[in-house]
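Here's the structure, in structure tokens; my notes come after.
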Amino acid sequence: MSVRVRFAPSPTGYLHIGGARTALFNWLYARHAGGIFVLRVEDTDDARNTREAVDVILDGLRWLGLDWDEGPVSGDAMQESKGDRGPYFQSQRGDIYQRRIQELLDNELAYEHEGAIKFRMTREPVTIPDLVAGDVVRKLTDREEADPDFVIVRSDGKPVFHLVNVVDDIEMGITHVIRGEDHLSNTSKHVELFKAFGVELPKFAHIPLILNNDGSKMSKRDTGASMTTYMEGGYLPAAVVNYLSLLGWSPKDDTEVMPVAELIKRFDLPGVQRANARFDMAKLDWLNFEHIRALEPDDFIAQALGQLQAAGIDTAARDADYTNAALALCTDKIKNLNDIAGYIGFFFRDAVEFNAEAAEQAFTPENRPHLAALREAYADLTQFDADSLMESLKATAAAREVKNKVLVMPARVACTGSKVGPSLYHLMEVLGQAEVVKRFDAALETM
RNA sequence: GACCCCUUCGUCUAGUGGUUAGGACACCGGCCUUUCACGCCGGCAGCACGGGUUCGAGUCCCGUAGGGGUCGCCA
């Protein structure tokens with residue numbers, strides 16, 4: 001029987017990083033096993049389940065690249081979904097639940113109680129076979145001891161989570177339930193429900209939770225809890241996927257930087273960790289850097305152009321060679337996509353925006369004659385490539401009996417406005433002789 | 001209160017009775033670099049605690065402590 005897994009989020013208005021990781025593990029397992037990844041929207045609840053809230057989830061999954069084989073096409077529950085096991089919105093599956101509830105009622109496995117319907121739960125310990133945690137024997141808590149039966153249909157007629165979750169997994173032919181460990185205790189209820197319906201249990205795999213860096217529970221308000229943090233934070237989806245995969249799963253050797261294709265190839269349930277993991281932004285940042293530098297040149301350029309455009313920097317006026325040469329200087333230096341505009345924006349601005357501190361340090365009265373001399377030397381150059389620029393600067397410094405550094409920083413600030421940036425000689429080569437001289441002149445004006 | 005899961009450097013992890021307990025991120029040095037990075041070299045740092053079992057325990061058992069989860073007519 002082929003693998004069928006599902007991600008079943010409740011549309012709460014944001015995609016939690018833990019939910020994203022659960023979706024990722026399901027997706028990786030499906031892709032690894034050549035199975036089907038189902039997306040099911042658990043919108044049985046109340047008014048908070050809006051189309052917008054569903055779209056937030058779908059957008060987050062799409063951004064990560066987690067495509068689903070069956071499920072909604074959009075956040076609109078009324079729109080037809082893809083897949084033949086639908087509907088994939090629980091709000092549209094009322095008749096299915098009614099049938100299943102009646103089945104339980106007919107078999108006297110459930111009964112009415114004060115307008116609600118309750119399920120006859122066993123009082124015996126329930127064994128939960130779990131691929132990650134092993135066989136978990138769940139005893140009744142003292143409160144459950146007092147009344148083991150639980151509500152499956154509210155008095156207002158709406159079926160509750162435990163019931164619909166199990167019914168859907170049965171109807172949709174789910175073979176592996178991969179979900180957060182926060183569901184482990186409640187799985188005893190699900191196990192009994194599956195038995196009541198007379199079907200075989202799916203394989204359960206409860207994965208550890210993601211905690212804050214200090215070990216506390218990660219809730220909506222905590223930094224990094226929402227996927228939007230990464231979607232807007234200059235991260236590559238591949239980096240986030242890679243990092244998330246390593247939280248609670250290990251390939252068992254020391255491999256860490258892995259493209260999605262390799263994760264699919266290597267991911268499997270036996271490698272899933274038992275203990276909760278803490279979120280470490282620094283490590284994500286490092287992986288982001290690794291994935292950015294691993295980008296194909298064309299992909300990097302596409303990313304960079306998008307960033308520059310978003311920052312309001314117009315690159316259309318420049319020719320492609322110039323733009324590509326400027327972007328090429330960022331290779332291996334950019335750690336976050338959001339840094340690109342600040343790093344090389346100067347290439348595309350007519351007037352350099354001077355960083356106040358940098359200008360104060362570099363544009364001193366003592367430096368003025370040195371920079372003026374370099375300006376003349378550069379204006380006379382017949383070859384304007386990086387090597388010539390370096391030789392010329394060294395010669396100028398020697399002639400004026402100052403260290404190279406005395407010329408380097410004013411030149412850098414004059415060209416870029418900043419103390420940090422790409423290699424000075426290379427960036428001047430790209431800027432071109434006329435532009436460099438022009439920028440030196442503008443700097444000299446302020447000194 | 002009850003029930004369930006978990007516990008190796010600060011963090012993510014390797015480790016399935018015999019290892020100088022390995023790697024990565026972070027951090028701290030040095031080299032390279034006439035910017036910032038990258039890179040290279042080196043360093044700091046861990047088996048929660050207490051009992052067992054065993055010739056031998058990070059690995060097995062029990063207990064304690066700590067962390068997380070669940071016990072709802074929320075999902």
Side-chain angles (χ1 to χ4, degrees), chain A residues 8-12 42-46 48-49 90 113-118 125-126 128 130 132-134 136-148 150-162 164-165 180-189 206 208-211 213-217 243 246-257 271 273-287 289-290 293 330-335 339 343 358 362 390 393-394 397 403-409 411-413 416 418-425 427:
Chain A
S10 178
T12 55
E42 307 219 337
D43 57 345
T44 57
D45 195 17
D46 40 39
R48 72 180 176 183
N49 293 320
Q90 290 185 333
H113 179 76
E114 293 180 1
I117 298 176
K118 297 180 81 172
V126 176
I128 302 164
D130 191 280
V132 175
V136 176
V137 180
R138 166 70 152 78
K139 289 190 285 244
L140 259 36
T141 67
D142 55 358
R143 296 179 60 140
E144 292 168 334
E145 201 78 54
D147 177 17
F150 59 92
V151 172
I152 54 175
V153 181
R154 301 190 287 227
S155 53
D156 65 3
K158 286 185 176 176
V160 305
F161 165 75
H162 300 302
V164 298
N165 193 269
E181 193 199 271
D182 50 336
H183 289 292
L184 183 54
S185 288
N186 279 151
T187 303
S188 57
K189 293 186 176 75
H206 286 89
L209 271 20
I210 298 177
L211 273 26
N213 201 251
D214 64 2
S216 62
K217 181 184 177 183
Y243 179 66
L246 259 18
L247 277 188
W249 172 76
S250 166
K252 298 297 179 187
D253 60 17
D254 292 330
T255 314
E256 295 201 294
V257 182
Q273 216 67 27
R274 282 140 247 250
N276 291 343
R278 301 175 185 215
F279 197 88
D280 182 11
M281 199 68 83
K283 186 129 187 182
L284 203 213
D285 287 340
W286 170 73
L287 271 173
F289 173 52
E290 293 297 323
R293 70 196 305 195
C330 294
T331 309
D332 285 359
K333 305 200 76 160
I334 291 297
K335 299 196 164 188
D339 293 338
Y343 198 73
M390 181 171 71
L393 182 141
K394 284 182 177 175
K403 289 183 176 178
N404 297 337
K405 193 175 181 179
V406 174
L407 293 177
V408 168
M409 200 44 84
R412 169 178 294 284
V413 178
T416 72
S418 170
K419 284 195 286 189
V420 303
S423 163
L424 176 62
Y425 307 114
L427 76 84

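Within every chain, numbering begins at 1; the chains are lettered A, B, ... in the order of the sequence lines, protein sequences first and strands thereafter. Computed from a predicted model, the values in this text were never measured in an experiment.
Put simply, the side chain of K118(A) and the base of C73(B) share no donor and acceptor less than 3.5 Å apart.
Between A75(B) and N165(A), no contact under 4.0 Å exists linking OP1 or OP2 to a side-chain N or O. At least one side-chain nitrogen or oxygen of K335(A) sits closer than 4.0 Å to the OP1 or OP2 atom of C38(B). For S250(A) and A14(B), the shortest distance from a side-chain N or O to OP1 or OP2 is below 4.0 Å. OP1 or OP2 of G15(B) lies within a sub-4.0 Å distance of a side-chain N or O belonging to K252(A). Within the structure, every side-chain polar atom (N or O) of R278(A) is placed at least 4.0 Å from both OP1 and OP2 of G68(B).
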Could you pull out the protein-nucleic contacts involving nucleotides 62-65 of chain B (nitrogen or oxygen on both sides, under 3.5 Å)?
none

Atom pairs, N/O to N/O, protein against nucleotides 3-7 of chain B, distance under 3.5 Å?
| from | atom 1 | to | atom 2 | distance (Å) |
| --- | --- | --- | --- | --- |
| C3(B) | O2' | K139(A) | O | 3.2 |
| C5(B) | O2' | E181(A) | OE1 | 3.3 |

What nitrogen or oxygen pairs link the protein and nucleotides 42-44 of chain B at under 3.5 Å?
none

Pairs under 3.5 angstrom, nitrogen or oxygen only, protein versus nucleotides 28-30 of chain B, please.
none

Please produce a list of atom pairs where a protein N or O lies less than 3.5 Å from an N or O of nucleotides 18-22 of chain B.
| from | atom 1 | to | atom 2 | distance (Å) |
| --- | --- | --- | --- | --- |
| G22(B) | N2 | D254(A) | OD1 | 3.2 |

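Residues meeting the side-chain hydrogen bond (donor to acceptor under 3.5 Å, both in side chains) test with D253(A), sequence neighbours left out: T255(A), R266(A).
Within the shown strands, C28(B) is the pairing partner of G42(B) under the Watson-Crick or G-U definition, both distances less than 3.5 Å. Under the Watson-Crick or G-U wobble criterion, with both distances below 3.5 Å, U7(B) is paired with A65(B). Using the Watson-Crick or G-U wobble rule with both distances under 3.5 Å, A14(B) pairs with nothing in any strand shown.
Taking atom OH of Y425(A) as the reference point, atom C1' of U33(B) lies 11 Å away to the nearest angstrom. Between the NZ atom of K283(A) and the P atom of C9(B) there is a distance of 14 Å, rounded to whole Å. In this entry the distance linking CD1 of I128(A) with C1' of G69(B) reads 12 Å, nearest Å. Distance CH2 (W286(A)) to P (G23(B)): 14 Å, rounded to an integer number of Å.
By the neighbour-count criterion of 12 heavy atoms within 6.0 Å, atom CZ of R274(A) is sparsely surrounded, having that number or fewer from other residues, nucleotides or ligands.
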